[in-house]
Amino acid sequence: MLDLAARAAWRGVGRVEPNPMVGAVLVRDGRVIGIGHHRAFGGLHAEREAMANCAAQGNDPRGATLYCTLEPCCHTGKQPPCTEAVIEAGIARVVYARPDPHEVSGGGHAVLERAGIPAELCGASVNATRLSDPFVMRIQHGRPWVIVKWAQTIDGRIATRTGESQWISSARSRARVHALRGRVDAILTGSGTVMADDPMLNARGARARRVAKRVVIDTDLETPLESKLVRSAGAYPTLIACSKELVTADICEARRSALEAAGVELLGVPEERGRLRLEMLLQALATHHGVANVLVEAGPAMIGSLFDRDLVDEAVVYVAPMMLGDDEAMASASGRVAPTLAGGRRMDLRRVKRVGDDVELTYRRTV
């Protein structure tokens with residue numbers, strides 16, 4: 001039943017953030033009598049949606065068991081407390097997959113127990129438990145959930161030695177990437193990728209659920225004014241993260257003015273050994289720009305840096321039926337020193353999907 005609740009919750013991806021995706025199922029005598037999910041930010045929570053669905057089918061939730069992917073909240077925000085709805089409905093038992101980590105909304109378990117409703121934390125469903133990972137990351141660590149994406153050959157190369165990469169993956173795989181772009185809050189890339197590929201980094205040919213901010217890591221503020229990102233900044237929110245000193249330096253005044261006139265917002269970030277502090281950039285995106293999740297589409301150096309700092313939470317990898325066998329072709333990540341296997345970053349394989357002749361692999365950080 002928690003697996004079912006998790007599948008229902010996924011329907012809200014791209015619409016509920018920065019709230020968590022949540023699903024709920026009402027069951028009596030082994031039969032599902034109501035199912036719901038959090039549909040959109042500010043809308044009914046999953047528990048109340050499940051109760052509404054129950055009533056619409058002519059069922060009475062009294063005496064039923066509620067299975068929920070996240071502990072029912074006990075505070076009034078954009079919606080009243082879910083614990084209040086559970087108590088009023090006469091639900092007999094609650095089973096949930098993960099505690100609510102928020103100091104404001106958490107504590108629903110205790111509220112239900114005081115009302116005489118047994119509440120049980122159950123980790124039987126990995127899908128239901130891991131569903132809340134992005135929300136928990138933001139609450140506990142103050143940064144967005146970071147997804148890196150790349151397409152590679154069978155031998156792990158993302159481009160030839162000359163930098164040619166269009167296209168390793170198939171059109172169907174690229175369409176899925178555009179759909180992913182339409183479900184995240186921000187798309188992060190580096191100035192090297194901007195210089196080499198001149199990307200737009202928007203969702204094309206897909207039904208976007210939100211418009212992602214495009215964020216360029218450009219320490220020295222070298223992004224060309226004629227790049228597609230700058231020229232389209234009036235239509236799509238665009239940020240350039242540069243050295244904090246350059247935000248006020250007189251030497252960059254003309255370039256700053258030109259970028260800002262084009263609609264680009266500058267974000268100053270402290271440096272460390274000549275590179276921006278990625279942790280601080282991510283925290284700033286979460287705190288000041290409301291970013292709950294970030295899709296990284298960048299070169300091997302940036303991907304390597306993110307892995308090195310343990311900032312990669314999820315990896316979506318497209319493996320194409322192609323072999324290069326060239327030692328100088330570009331690897332998916334670079335810049336790390338790992339003389340032993342213990343120095344590698346292990347991840348959990350969460351999903352495998354065939355996309356035409358490509359294979360889409362989804363990994364998540366090991367917990």
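Under the 3.5 Å distance criterion, the side-chain polar atoms of Asp185 are matched with a main-chain donor or acceptor of Ala292. With Arg28 contributing its side chain and Gly30 its backbone, the two residues share no donor-acceptor pair below 3.5 Å. Put simply, the side chain of Glu271 never gets that close to the backbone of Ser243: no donor and acceptor are under 3.5 Å apart. A side-chain donor-acceptor contact under 3.5 Å links Arg345 to the backbone of Asp308. A side-chain donor-acceptor contact under 3.5 Å links His178 to the backbone of Arg204. Panel note: side chain Arg277, backbone Pro270; no donor-acceptor pair is recorded below 3.5 Å. A donor-acceptor pair under 3.5 Å is absent between the side-chain atoms of Ser169 and the main chain of Trp167, judged by distance alone. Side chain of Arg143 to main chain of Met137: no donor-acceptor pair is present (N/O by atom type, distance under 3.5 Å, no hydrogens or angles). The backbone N or O of Phe135 sits nowhere less than 3.5 Å from a side-chain atom of Ser132 that would complete a donor-acceptor pair. A donor-acceptor pair under 3.5 Å links the side-chain atoms of Asp358 to the main chain of Ser170, judged by distance alone.
Atom CD1 of Ile117 is separated from atom OG1 of Thr83 by 9.0 Å, given to the nearest 0.5 angstrom. With rounding to the nearest 0.5 angstrom, the OG1 atom of Thr238 is 10.5 Å from the CG atom of Leu259. To the nearest 0.5 Å, the span separating CD1 on Ile240 from CG on Asp218 amounts to 5.5 Å. With rounding to the nearest 0.5 Å, the separation of SG in Cys82 from CD in Glu49 is 10.5 Å. A distance of 5.0 Å separates CG in Asp197 from OG in Ser165, rounded to the nearest 0.5 Å. Summarising the geometry, atom CE belonging to Met330 is positioned 15.0 Å from atom CD belonging to Gln152; distances are rounded to the nearest 0.5 Å.
Side-chain contact between Pro134 and Asn293 is absent, with no heavy atoms from C-beta onward closer than 4.5 Å. In this structure, Val86 and Val94 have side chains that are in contact, with non-hydrogen atoms separated by less than 4.5 Å. Using a 4.5 Å cut-off on side-chain heavy atoms (C-beta onward), Glu164 and Thr162 make contact. Between Met195 and Pro224 there is a side-chain heavy-atom pair separated by less than 4.5 Å. Between Ile147 and Val316 the shortest side-chain heavy-atom distance falls below 4.5 Å. Side chains of His37 and Val22 form no contact here, defined as non-hydrogen atoms less than 4.5 Å apart. Residues Arg62 and Ile91 fail the side-chain proximity criterion, which asks for heavy atoms closer than 4.5 Å. Counting heavy atoms from C-beta on, the side chains of Tyr236 and Lys213 never come closer than 4.5 Å.
Linking ILVMFWY residues whenever their side-chain heavy atoms come closer than 4.5 Å, directly or via other members, leaves Val317 and Leu295 in distinct clusters. Following chains of ILVMFWY side-chain contacts shorter than 4.5 Å, one cannot reach Leu221 starting from Ile217, and the two form parts of different hydrophobic clusters. Taken together through direct or relayed side-chain contacts under 4.5 Å among Ile, Leu, Val, Met, Phe, Trp and Tyr, Leu306 and Leu361 form part of one hydrophobic cluster. Leu282 and Ile303 fall within a single hydrophobic cluster, where Ile, Leu, Val, Met, Phe, Trp and Tyr side chains are chained together by heavy-atom contacts under 4.5 Å. Linking Ile, Leu, Val, Met, Phe, Trp and Tyr whenever their side-chain heavy atoms come within less than 4.5 Å puts Leu66 and Ile87 in one cluster.
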Checklist entry - Please walk me through it: do Ser227 and Asp198 pass side chain to side chain donor-acceptor pair (under 3.5 Å)? => result CA-CA 6 Å; Ser227 65; Asp198 195 20; 4.8 Å; no
Item to check | Working for salt bridge (Lys or Arg N to Asp or Glu O under 4.0 Å), residues Arg161 and Asp327 | outcome: CA-CA 8 Å; Arg161 63 170 64 196; Asp327 289 344; over 6 Å; no
Next on the checklist: Run the salt bridge (Lys or Arg N to Asp or Glu O under 4.0 Å) test on Arg210 and Glu17 for me, step by step, so that the C-alpha distance in whole Å, both residues' side-chain angles and the decisive distance to 0.1 Å come before the verdict.
Outcome noted: CA-CA 10 Å; Arg210 54 185 54 209; Glu17 294 84 356; 3.5 Å; yes
Next on the checklist: The test is side-chain contact (heavy atoms from CB on, under 4.5 Å); show your working for Tyr318 and Val177 and say whether it passes.
Outcome noted: CA-CA 10 Å; Tyr318 293 91; Val177 172; 3.6 Å; yes
Next on the checklist: Test side-chain contact (heavy atoms from CB on, under 4.5 Å) on Lys244 and Leu276; report intermediate values, then the result.
Outcome noted: CA-CA 9 Å; Lys244 193 172 184 179; Leu276 300 190; over 6 Å; no
Checklist entry - Could you walk me through whether Met302 and Val296 pass the side-chain contact (heavy atoms from CB on, under 4.5 Å) check? => result CA-CA 9 Å; Met302 182 180 295; Val296 179; 4.3 Å; yes
Next on the checklist: Does Leu285 form a side-chain contact (heavy atoms from CB on, under 4.5 Å) with Leu239? I'd like the steps, not just the answer.
Outcome noted: CA-CA 10 Å; Leu285 290 176; Leu239 285 75; 4.2 Å; yes
Checklist entry - So Asp326 and Arg157, salt bridge (Lys or Arg N to Asp or Glu O under 4.0 Å) or not? Walk me through it. => result CA-CA 9 Å; Asp326 186 341; Arg157 305 296 175 167; over 6 Å; no
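Using a 3.5 Å distance cut-off with no hydrogens or angles, the side chains of Thr153 and Asp155 do pair a donor with an acceptor. Under 3.5 Å, the side chains of Arg98 and Thr69 contain no donor-acceptor pair of N or O atoms. Side-chain atoms of Thr189 and Arg214 include no donor-acceptor pair closer than 3.5 Å.
Within a 6.0 Å radius of CD1 in Ile251, no more than 12 heavy atoms belonging to other residues, nucleotides or ligands are found. Within a 6.0 Å radius of CD in Gln57, other residues, nucleotides and ligands contribute more than 12 heavy atoms.
The two residues Val269 and Ala241 have their closest heavy-atom pair at CG2-CB, 4.2 Å. Residue Gly107 comes nearest to Cys74 through the heavy atom pair C-SG, 3.8 Å, listed as atom of the first residue, atom of the second, then distance. Shown here for Val247 and Cys242, the closest heavy-atom pair between the two residues is CG2-SG, 3.9 Å. Summarising the geometry of Val184 relative to Ala212, their closest heavy-atom pair is O-CB, 3.5 Å, with the distance given to 0.1 Å. Here the closest heavy-atom approach between residue Pro300 and residue Ala331 is recorded as CB-O, 3.2 Å. Annotation for Ala24 and Ala50: closest pair O-CB, 3.9 Å, computed over non-hydrogen atoms.
Under 4.0 Å is where a charged nitrogen must lie from a carboxylate oxygen, and between Arg181 and Glu297 at least one such pair does. Using a 4.0 Å cut-off between a side-chain N of Lys or Arg and a carboxylate O of Asp or Glu, Glu222 and Arg255 do not qualify as a salt bridge. Under a 4.0 Å N-O distance rule, the pair Arg365/Asp313 qualifies as a salt bridge. The pair Glu314-Arg350 fails the salt-bridge criterion, with no side-chain N (NZ, NE, NH1 or NH2) lying under 4.0 Å from an Asp/Glu carboxylate O.
Between His45 and His38, the angle of the ring planes goes over 60°, which puts this pair in the perpendicular group of the 30/60° scheme.
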